[in-house]
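The block underneath contains the structure these notes are about, expressed in structure tokens.
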Amino acid sequence: MVVAHVHVDENGDVTDVDVKKFPAGGSLLASEVKRKLMQWKFASEGRKRIGLYEINFKITDEEETIEGQ
């Protein structure tokens, strides 16, 4: 599990991601989470905001699944 603060601008675009928690030895995973979250788009609310997200990863030989909460 990775926990990150996602900074969102008034247009719903992600402007920054601050990874707060990741598994021991998971710095590469944390970097990938940041890269992916920077691509997310949120509903426009006309104001800046910060969301806290817990991201659960399930990686198998066939595919990677990302579940956000």
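Position 1 is the first residue of the sequence, and the numbers go up from there. Computed from a predicted structure; not experimentally measured.
- Residues in residues 17-30 take part in these side chain to side chain donor-acceptor pair (under 3.5 Å) pairs, two or more places apart or across chains: Asp18-Lys20.
- Between Tyr53 and Phe42, the ring planes are tilted. Angles from 30° to 60° get that label.
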- [ ] Decide yes or no on side chain to side chain contact (heavy atoms under 4.5 Å, CB included) for Leu29 and Phe22, but give the supporting numbers first.
- [x] CA-CA 8 Å; Leu29 177 61; Phe22 57 90; 5.6 Å; no
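- In the hydrophobic clustering of ILVMFWY residues, with side-chain heavy atoms under 4.5 Å counting as a link, Val33 and Met38 come out together.
- Shown here are the side-chain contact (heavy atoms from CB on, under 4.5 Å) partners of Thr15, two or more places apart in sequence or in another chain: His7, Asp9.
- Identified under the salt bridge (charged side-chain N to carboxylate O under 4.0 Å, His left out) test for residues 37-50, with sequence neighbours left out: Asp13-Lys41, Glu45-Arg47, Glu45-Arg49.
- Minimum heavy-atom separation, Lys34 to Val17: CE-O, 3.3 Å.
- Both Met1 and Leu52 are assigned to one and the same hydrophobic cluster, defined by single-linkage of ILVMFWY side chains at heavy-atom distances under 4.5 Å.
- Smallest separation of non-hydrogen atoms from Ala4 and Leu37: CB-CD1, 3.9 Å.
- Pro23 and Val2 make their closest contact through CD-CG2, 4.2 Å (heavy atoms, listed as atom of the first residue, atom of the second, distance).
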